[in-house]
2 protein chains.
Amino acid sequence: MRIIVADCSAEYTGRLQASLPLAKRVILVKADNSLLIFSELGSYKPLNWLAAPCTVRDITPDRADDDPDTPAPEKIIRASSDKTSDVLEVTFQHIYADDTFELGEDPGLVKDGVEDHLQRYLAEQIERIGEGARLVRREYPTAIGPVDIMAVDAEGTHVAIEIKRHGGIDGVEQLTRYCELLNRDPLLAPVRGIFAAQTISPQARVLAQDRGFECLLLDYDEMRGVEDDSLKLF
Amino acid sequence: MRIIVADCSAEYTGRLQASLPLAKRVILVKADNSLLIFSELGSYKPLNWLAAPCTVRDITPDRADDDPDTPAPEKIIRASSDKTSDVLEVTFQHIYADDTFELGEDPGLVKDGVEDHLQRYLAEQIERIGEGARLVRREYPTAIGPVDIMAVDAEGTHVAIEIKRHGGIDGVEQLTRYCELLNRDPLLAPVRGIFAAQTISPQARVLAQDRGFECLLLDYDEMRGVEDDSLKLF
DNA sequence: GACTTGAGTTGGTTA
DNA sequence: TAACCAAGTCAAGTC
């Protein structure tokens with residue numbers, strides 16, 4: 001990892017054109033030559049970058065090109081994508097630091113607990129969709145992809161459940177496609193749809209109700225708590 | 001911007017739990033205290049991070065807590081979100097570098113040319129949807145949001161155009177909703193739908209054709225070229 | 001390898 | 001401010 005702190009400007013040409021005026025910034029060049037430009041602004045997204053695989057060249061500015069109006073840059077780095085025509089060129093006016101560190105391999109991030117957990121918890125606490133409900137299976141396969149949860153309610157009616165962390169319109173569309181398909185199967189029809197999420201946008205809620213789906217808000221902490229409690233019984 | 005290079009491990013607790021085993025990494029702490037942990041892996045996304053607004057504390061490890069089995073960490077940094085319960089704790093075993101640079105304000109990125117351009121070009125070259133076509137307007141307003149382009153073909157039939165850089169299934173669904181709505185208006189009906197994009201996924205193409213929509217591939221460079229040429233006439 | 005879906009998404013625009 | 005939508009999205013899993 002090469003770490004540069006410098007007054008610099010930059011030009012990106014690829015899927016779009018973007019330019020950075022002169023300012024003091026931090027530049028990271030990774031082992032795979034991918035290049036990131038950071039300022040104090042924004043979240044983790046760099047102002048500008050070039051993804052690997054790419055080639056990085058240090059260009060010493062040609063003194064013959066000197067324009068008397070602008071000071072000669074101290075250095076120019078040009079990163080060119082190996083697969084596309086993307087180019088990111090960084091022009092350095094003053095370099096405060098330029099250090100390289102060998103980081104070596106990284107064991108990587110170990111994640112625990114996302115949307116998959118919501119699905120697992122709801123499957124194990126299936127009566128949250130109504131008393132007497134029974135789980136058929138998670139990831140119930142269909143021709144157009146797996147339904148998150150298939151269940152049967154107290155009346156014996158099949159229930160297809162679409163689970164999202166945040167429920168938006170596209171989630172309702174997805175559930176619509178599943179229910180349309182499932183209701184063509186005489187062995188399953190009629191199939192109710194339930195749209196379950198931690199949060200549901202107002203538009204999605206309206207659309208879901210319009211389509212005849214029930215909306216179910218999931219409380220992650222509460223569901224986790226129930227699991228923890230049930231574990232304590234053993 | 002504080003730049004640290006160190007052997008470190010990290011624990012994140014928030015919307016999920018995630019941990020980083022001990023390895024040599026680069027840590028950036030921005031002016032707003034947001035903290036990013038990078039390795040040579042991945043693209044511009046850090047392995048782990050904590051977004052602003054947050055508070056960062058340097059903790060000198062308590063020597064009384066020393067576990068004879070594990071070496072005492074040189075330093076611990078705990079970043080706590082000010083608004084949520086997110087916490088990111090970084091434990092440093094060995095620090096190779098720890099420098100702070102004042103970057104100052106950044107003028108930010110100047111972008112030029114994205115999906116908006118596709119829309120503008122197609123509006124100006126509306127005969128790409130068929131000879132004799134005329135533009136009604138861009139961002140044609142409806143109750144459920146603006147249609148990208150509304151036009152009239154040579155036969156006088158209204159045409160609703162949905163434009164995407166990449167055309168996926170959700171884009172077809174969007175166009176479906178618009179056309180459904182527009183076709184309820186006796187002053188407009190019948191309304192044809194055109195799904196226009198630089199690339200269209202096979203599934204989206206099938207769905208679009210199933211819904212009776214025409215698919216139109218847009219060549220950005222060609223459309224830009226036409227514009228440039230027409231500008232040269234003046 | 002192409003395609004689809006989720007993300008601790010992030011970021012911008014508009015109601 | 002909240003909701004919706006695009007992103008030079010990235011990344012993981014599936015076909």
Side-chain angles (χ1 to χ4, degrees), chain A residues 12-18 34-36 41-52 54 81 83-88 108-109 111-116 118-119 139 141 143-146 148 162-171 173-174 197-207 220, chain B residues 12-18 34 36-37 41-52 54 81 84-88 108-109 111-116 118-119 139 141 143-146 148 162-171 174 197-207 220:
Chain A
Y12 165 75
T13 309
R15 297 203 203 170
L16 56 70
Q17 320 245 125
S34 59
L35 191 155
L36 320 176
L41 286 177
S43 170
Y44 65 68
K45 197 173 175 180
L47 285 170
N48 222 331
W49 74 94
L50 195 73
C54 66
S81 173
K83 294 196 168 175
T84 69
S85 59
D86 293 29
V87 176
L88 177 58
L109 188 68
K111 282 188 184 182
D112 172 46
V114 244
E115 180 180 309
D116 182 66
L118 281 178
Q119 191 188 111
E139 302 287 350
I144 56 172
D148 287 339
E162 176 65 34
I163 301 177
K164 288 272 180 278
R165 201 174 55 75
H166 174 75
I169 285 175
D170 52 348
E173 299 288 8
Q174 205 174 333
Q198 283 183 286
T199 58
I200 297 178
S201 74
Q203 292 197 12
R205 184 176 288 274
V206 170
L207 185 62
Y220 185 80
Chain B
Y12 165 76
T13 309
R15 296 202 204 171
L16 57 69
Q17 320 244 125
S34 58
L36 321 176
I37 305 177
L41 287 177
S43 164
Y44 64 66
K45 195 174 175 181
L47 284 172
N48 221 331
W49 74 94
L50 196 73
C54 65
S81 172
T84 69
S85 59
D86 292 31
V87 175
L88 177 58
L109 188 69
K111 282 189 185 182
D112 171 46
V114 243
E115 178 179 310
D116 182 65
L118 280 179
Q119 190 187 113
E139 302 287 349
I144 56 171
D148 287 340
E162 176 65 35
I163 301 177
K164 289 271 180 279
R165 199 175 55 74
H166 174 76
I169 285 177
D170 52 348
Q174 205 173 333
Q198 284 184 285
T199 57
I200 297 178
S201 72
Q203 293 197 12
R205 183 177 289 273
V206 170
L207 185 62
Y220 185 80

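Just so it is clear, the structure is predicted and the values come from calculations on it, not from any experiment. Residue numbering restarts at 1 for every chain, and letters A, B, ... go by the order of the sequence lines.
When all heavy atoms of B:Ser201 and B:Gly168 are compared, the pair lying nearest together is OG-CA, 4.0 Å. Nearest heavy-atom pair, A:Ala197 versus A:His166, reported as atom, atom and distance to 0.1 Å: CB-C, 4.2 Å. Looking at every heavy atom in both residues, A:Ala204 comes nearest to A:Ile169 through CB-N, 3.8 Å. For A:Ser34 against A:Ala52, the heavy-atom pair with the smallest separation is CB-N, 3.7 Å.
Shown here are the side chain to side chain contact (heavy atoms under 4.5 Å, CB included) partners of A:Leu47, two or more places apart in sequence or in another chain: A:Leu20, A:Arg25, A:Ser39, B:Asp106. When the side chain to side chain contact (heavy atoms under 4.5 Å, CB included) test is applied to A:Thr84, the partners found at least two apart in sequence or on another chain are A:Ser81, A:Asp86. Qualifying side chain to side chain contact (heavy atoms under 4.5 Å, CB included) partners for A:Gln198, counting only residues two or more places apart in sequence or in other chains: A:Leu118, A:Arg165, A:Tyr220.
Here C:dT13 presents its P atom at 12 Å from CD of B:Glu139, a figure rounded to the nearest Å. Spacing between atom CD of A:Glu173 and atom P of C:dT5 amounts to 12 Å, rounded to whole angstrom units. The CZ atom of B:Arg205 sits 11 Å away from the P atom of C:dC3 (whole-angstrom rounding). Rounded to an integer number of Å, the gap from CG of B:Leu47 to P of D:dC10 is 16 Å. In this structure, B:Ile163 atom CD1 and D:dA6 atom P are separated by 11 Å, rounded to whole Å. With rounding to whole Å, B:Gln119 atom CD is found 12 Å from D:dA7 atom P. The distance from atom CG of B:Asp148 to atom C1' of C:dT13 is 14 Å, rounded to the nearest whole Å. If you take CG of A:Leu36 and P of D:dC10, they are 11 Å apart, rounded to a whole angstrom.
Paired runs in DNA chain D that reach 3 or more consecutive Watson-Crick or G-U pairs, where each pair keeps both distances under 3.5 Å, cover C:1-7 with D:9-15, C:9-15 with D:1-7.
When heavy atoms are screened at a 4.0 angstrom cut-off, B:Ala51 is found touching base atoms of the nucleic acid.
The CD atom of A:Glu173 lies 9.5 Å from the CD atom of B:Gln174; values are rounded to the nearest 0.5 Å. A distance of 5.0 Å separates CD1 in B:Ile163 from CD in B:Gln119, rounded to the nearest 0.5 Å. A distance of 10.0 Å separates OG1 in B:Thr199 from CZ in B:Arg205, rounded to the nearest 0.5 Å. Distance CG/B:Leu16 to CG/A:Leu109: 8.0 Å, rounded to 0.5 Å.
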Detail all sub-3.5 Å separations between protein N/O atoms and N/O atoms belonging to nucleotides 11-15 of chain D.
unit_1, atom_1, unit_2, atom_2, d
D:dA11, OP1, B:Ser43, N, 2.8

Protein-nucleic acid N or O pairs under 3.5 Å, nucleotides 2-5 of chain D:
unit_1, atom_1, unit_2, atom_2, d
D:dC4, OP1, A:Gln203, N, 3.1
D:dC4, OP2, A:Ser201, OG, 2.9

